[in-house]
Amino acid sequence: MQINLTMDLLAVQTYRYNNKLSNPLQHKQHASISESGSSNLNINSVKFPCNHIGVSNSSGGFKTIQVIKRKPKDEGIEQVRSIRNYVYQQGTAMDSHAYVLLLLECIRIKSPLGGQQVHAHVIKSGIEPEVLLLNNLLNMYVKCGVLDCARQVFDKMSNRNLVSWTILIMGHAHDGYGKEALGLFRQMRREGVETDQMTFSCALKACADLGDLQIGKQIYAHIVKTGFESHVSVGNSLVTMYAKCGSIEDACNVFDRMTHWNTVSWTAMLSGYAQNGYEEDAINLFCEMQWSGEKSNHFTFGTVLQACASMGFIKQAREIHGHTVRIGFEYHVTVRNALVSVYAKCGFIKDACKVFDESTHRNIVSWNSMIAGYGHHGDGEKALKLFCEMQQAGMKPDDFTLASILSTCATRATLEQGKLVHAYTVKTGFLAYISVMNALVTLYAKCGSIGEARRVFDEIPAQNVVSWTAIIVGYAQHGFEKEALKLFQRMQQVGIKPNYITFVGVLSACSNVGLVDEGWHFFNCMSRDYDIVPGVEHHACMVDLLGRAGLLDEAEDFIKRMSVQSSATVWRNLLGACRIHGNVEMGKYAAEKILELEPHDVATYVILSNIYAAACRWDAVTKVRAMMKDRGIKKEAGESWVEINSTVHSFVSGDRLHPQSRQIYAKVEELTEQMKKQGYVPNTLCVLHDVEEKQKETILCHHSERLAIAFGLISTSAETPIRVVKNLRVCDDCHNATKFISKIVGREIVMRDINRFHHFKDGLCSCGDYW
DNA sequence: CTAGGGTTAG
């Protein structure tokens, strides 16, 4: 089916990454306040940045970029106009107090334009603004997200007080400019201004965001010295700072030593547990909190539900959902968003959808949660539809939305749609967000364009651990292990520490080409040199590596000695290796293990049956087939798809639903003829069905990947590479056939199966038949 | 002037 993205793409002719937009800091447009005033009251001459305003940041990181979420044009102008009229109506009666009220109104409607009008009017009025009014101006700019202007006001103030400093520091800390916030904090102390609990809190928040435990501890020492330790707010900020810096013990210590607690204290501790992988402690603390009599609020529920989400604790989530209903928090937007998220992450997409649909008030997070939910656990088409619906409902996508949508396109390998979204990010300035660029790296990698992925990666101004991981995983999936491992070294040279997922990428790079020694090396050094405890995913990689390399006993032994709880994936990798190396007994054992964990896993039955068939154990094949019938398990349809003109064309084996079915099958026949002439012999062992030999050949030739390739060939011009995606491992016979096809038609065929990429060219596959 | 929270990228 076709999905049209409701985007105005006319203005963008090219999807290529636009270098000029890569660093909005070079393009920052300052909102200038004209001292002469009056001209600025003319709506038409208001010079105000409408897209993004950069604030210089020594860190060079991505948080430096703010995007003012523009409201629909008319509405914005209306707001400004009404405020201006209000100002005019007041005539000469305007005094400081009235201006303060107006500024608060600007904050309420989030109108920096309106605020600027008020500012201009203050200047024009000729009154000498006292500290209170200036602080409110500062606050207005900060709250409207225009730190540049706040800074300008601040710099011109002759009489700053503690509040002025606090507003500015808080503004920077709140918007992610931690270094600037700490710089201001230091400057403030140098200038001899007394700090209070509020400034300490803000400084600690800056440390928390920067993850700078050292400075955090220095500030703590200062807090103790000045006697602010007993303030609840300071305690809360300390808990948060330690938790965000990953030092959960320190956070606990502070929490335990506090003399009194409020809802914030409990929530901060809860969140600390949840973010550091102590989800169960978080849930226990939530229970303790209920016993203590402390009231929960929407933040508390949001946090505890998040803890449930990352652990897949659906039962607890439902209980908490019930609790929010009982105490009337059910319809709070934050709670609802958390509910959408928890249901989606636990795989209960229908429940998530219900909560979303029944929401009376939706904000950007609500849409993002639902879109991400569909992208990860439902289906990509629904995610894209919702993305369109969201815009029809007048909700502007943000960086989170776009990262999710790009990730959805990556999963579906819909390169053309992905390119449209890429263009959209260029046009709207969202390309400035590292999360969006990282998602683009994965998009191109997962669509088979590893070169394009690399180009995007290289253009990221300051790659973070996710960027590096994305490109490493990309190379690993394409079988370019050397490049993957080279980049792994490079990332460390530039000072980026690999994390848990980076190692999944590194180990899969090794397993994809059979680098056994290197795999062991990386596996062993994880905890030794990087302080990362290998998890079940890493163990699964090792089983895959050893098994596929033919070291089946070593792989089995490895599973038996594993320190973490085994998963179906671990056994599935062993089963896959048994299939490759034809080990019937171990395969049977692995299959049993998988079925203990996932009794309805269709693929396991199929592979087991394939193993028996390859060993000519037809009795056993029959048995497996009977077992499947008994248990009501149907063979999962292998599905392959190609994207042509932004439309996804999907095929299952023997499928005749496509309108061009006749031509597709004709092409398949034609190709088969040519292939046979060149020496192709169908491998009928790949056929599970109990049918005549001749019929088996036909079944093979009508496998979903063949249909997709044939359709790709008849729908695109010569020399265009064909990109096919398959939801399962590519079948042995199809792999062989595709090599022939690539040579016959003289085209590159890129096939992504569930594990990796196969680049077929001139009769050869990039995997070197090791897959 | 207010700490605390929900959505994202691998």
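None of these values were measured; they are calculated from a predicted model. Both backbone and side-chain heavy atoms feed into the values below; hydrogens, waters and symmetry mates do not. In the text below, chain A, chain B and the rest are named by the order of the sequence lines, each starting its count at 1.
- Rounded to whole Å, atom P of dT7(B) lies 18 Å from atom CG of Leu402(A).
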Practice item. Kindly indicate, with the supporting measurements, whether the criterion salt bridge (charged side-chain N to carboxylate O under 4.0 Å, His left out) is fulfilled by Arg189(A) and Glu194(A). Key: CA-CA 7 Å; Arg189(A) 284 173 51 199; Glu194(A) 288 294 321; over 6 Å; no

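- Going from atom CE of Met390(A) over to atom C1' of dT7(B) covers 10 Å, rounded to whole Å.
- The shortest distance between the side-chain N/O atoms of His376(A) and the OP1/OP2 oxygens of dA9(B) is below 4.0 Å.
- Ile167(A) comes within 4.0 angstrom of sugar-phosphate atoms only, judged by non-hydrogen atoms across all strands, and of no base.
- Atom-to-atom, CG of Asp398(A) to P of dG6(B) comes out at 15 Å; the value is rounded to the nearest Å.
- Using a 4.0 Å heavy-atom distance criterion, Asn262(A) is classed as making no nucleic acid contact.
- Within 4.0 Å (heavy atoms only), Lys446(A) reaches no atom of the nucleic acid at all.
- The side chain of Ser271(A) contributes an N or O atom lying less than 4.0 Å from OP1 or OP2 of dG5(B).
- dG4(B) atom P lies 16 Å from atom OH of Tyr242(A), rounded to whole Å.
- Counting any heavy atom pair closer than 4.0 Å across all strands shown, Thr166(A) reaches a base atom.
- The aromatic rings of Phe480(A) and His478(A) sit parallel, their planes meeting at an angle under 30°, below the 60° perpendicular limit.
- The shortest distance between the side-chain N/O atoms of Gln306(A) and the OP1/OP2 oxygens of dT7(B) is below 4.0 Å.
- Regarding contacts with the backbone of dT7(B), every side-chain N or O of Asn337(A) stays at 4.0 angstrom or more from both OP1 and OP2.
- Atom CD of Gln275(A) and atom P of dT8(B) are 13 Å apart (whole Å).
- Not one side-chain nitrogen or oxygen of Lys205(A) sits closer than 4.0 Å to the OP1 or OP2 atom of dG5(B).
- With hydrogens and angles ignored, no donor-acceptor pair under 3.5 angstrom links the side chain of Ser341(A) to the base of dG6(B).
- No engagement by Ala338(A) is indicated, since no non-hydrogen atom pair under 4.0 Å with the nucleic acid exists.
- Inspection of the Gln275(A) and Ser271(A) side chains reveals an N or O donor paired with an N or O acceptor under 3.5 Å.
- One atom, CZ of Arg454(A), and another, P of dG10(B), lie 18 Å apart when rounded to the nearest Å.
- Contact annotation for Met170(A): backbone-only contact, meaning every heavy-atom pair under 4.0 Å involves sugar-phosphate atoms and none involves a base.
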Review point. Given Lys354(A) and Glu358(A), is the salt bridge (charged side-chain N to carboxylate O under 4.0 Å, His left out) satisfied, shown in steps?
Key: CA-CA 6 Å; Lys354(A) 189 163 182 279; Glu358(A) 289 171 2; 3.6 Å; yes

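- Among the atoms of the strands shown, only primed sugar atoms or phosphate atoms (P, OP1, OP2) are found under 4.0 Å from some heavy atom of Val473(A).
- Contacts of Asn297(A) with the nucleic acid, taken as non-hydrogen atoms under 4.0 Å apart, include base atoms.
- One can place CD of Glu537(A) at 14 Å from P of dG10(B), the figure rounded to the nearest angstrom.
- Taking the six-membered ring where tryptophan is involved, the planes of Tyr500(A) and His538(A) are perpendicular, since the angle between them exceeds 60° and thus also 30°.
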Practice item. Check the pair Phe488(A), Trp468(A) against ring-ring contact (aromatic ring centres under 6.0 Å, His included), reporting the backbone distance first and the verdict last. Key: CA-CA 8 Å; Phe488(A) 177 67; Trp468(A) 286 97; 9.9 Å; no

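- Within 4.0 Å of Thr240(A), counting heavy atoms only, lie sugar-phosphate atoms of the nucleic acid but no base atom.
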